[in-house]
Enquirer: 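One structure, as structure tokens, below. Some questions next.
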Amino acid sequence: MELGGLHHMTAVTTEASENVAFYTGILGLRLVKKTVNQDDVSAYHLFYGDELGRPGTEITFFDWPQLRIAPNHAGAGEVSTTELRVSGRGAVEWWAGRLEEHGVAHSGIGERGEQAYIEFTDPEGQRLRLADEGEAPRVEAGVPWEGSPVPQEYGIRGLGAVDLTVRELGPTAWVLAEVLGFRLVGEYEEGGERVALFEVGPGGPGSEVRVVERPDAPHAHLGRGGVHHIAFRTADEEEQRSWRERIRGAGLGVTPQIDRFYFRSIYFREPGGVLFEIATDGPGFATDEDARHLGERLSLPPFLEPRREEIESRLTPISPVGSNVGR
Ligand code: ZN
């Protein structure tokens with residue numbers, strides 16, 4: 001039993017229309033599902049990804065306008081950067097130009113080993129990095145949507161890695177390695193901080209977790225522009241049940257298996273404070289919508305469908321403003 005890599009990351013936005021404009025219009029992802037938070041149906045839950053929102057390509061947002069005045073406080077116990085994979089150094093260079101064209105400040109092109117990368121944030125401060133996935137990536141990449149304003153050769157091919165910031169490396173490393181089966185593939189110093197690189201399943205981009213140790217960091221406080229959780233891939237419900245037993249056996253509190261309709265989920269908090277999820281690869285986003293029309297209307301899981309009128313009336317329509325950005 002092995003995890004298949006990163007499944008999705010879920011973050012917080014407070015401006016749904018602006019969020020759609022940035023992730024589709026500038027980053028060129030496809031909005032594959034527009035639904036509501038199952039635990040709070042007054043909030044949108046937006047899913048972006050490759051042409052189908054394949055597992056490993058998804059970035060999702062809870063829209064929580066009430067947090068407009070509460071920016072994320074960075075620190076320990078959070079996903080501190082989400083890395084997105086592109087193919088080749090040329091793509092990273094192309095992105096530097098695109099970000100400039102759209103007035104998005106960035107770090108300039110950096111190098112980690114042979115890999116070129118560039119760091120920037122979305123309009124709410126969400127910390128992102130685009131990185132070259134290298135020549136022979138082992139986790140199969142997604143397929144950028146052909147309707148994207150970004151040429152397919154430069155398109156974002158999925159999640160590459162996540163950086164976790166914790167105060168103490170040991171306990172988080174223990175969960176990754178001993179409970180979840182990650183492999184430690186590198187330890188180094190970066191900017192005076194100790195960093196440990198882990199990978200799982202096939203390894204490489206799409207499977208990497210970089211743990212940054214900052215003993216003096218304040219505790220992170222989730223807000224606008226912060227990450228809510230990171231999810232890892234499991235094949236199916238059977239395997240997920242086994243993961244759940246294993247996590248419980250390690251003495252960690254874990255939720256029951258929850259039906260998120262597009263996949264099934266279990267959640268637990270690792271000792272460093274980051275919320276982890278293990279999500280099934282299927283059934284996916286084309287279960288309730290035609291693949292050609294993903295994300296165009298509000299999707300509701302069957303148990304909420306009878307309340308559609310009431311739910312829709314309480315949501316602020318996502319304005320088309322900016323939907324042609326970059327075309
Ligand atoms: Zn999730």
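Numbering of ligands and ligand atoms starts at 1, following listing order. A quick note: this is a predicted structure, and the numbers were derived from the prediction, not measured.
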Enquirer: Out of E100, R129, E119, R98, which residue meets the side chain to side chain donor-acceptor pair (under 3.5 Å) rule with H106?
Expert: E100
Enquirer: May I ask you to check whether T10 and T60 show a side-chain donor-acceptor distance below 3.5 Å?
Expert: yes
Enquirer: Look at the aromatic rings of W94 and Y154 and report parallel, tilted or perpendicular, splitting at 30° and 60°.
Expert: parallel
Enquirer: Determine the sole option in Y262, F263, F47, F232 for which the ring pair (Phe, Tyr, Trp, His ring centres under 6.0 Å) test with H7 is passed.
Expert: F263
Enquirer: Can you name the ring pair (Phe, Tyr, Trp, His ring centres under 6.0 Å) partners of F268, sequence neighbours left out?
Expert: F276
Enquirer: Determine whether the side chains of T172 and E270 contain a donor N or O and an acceptor N or O closer than 3.5 Å.
Expert: yes
Enquirer: In total, how many protein N/O/S atoms does one find closer than 2.8 Å to the Zn ion (ligand 1)?
Expert: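 Under the 2.8 Å cut-off, the count stands at 3.
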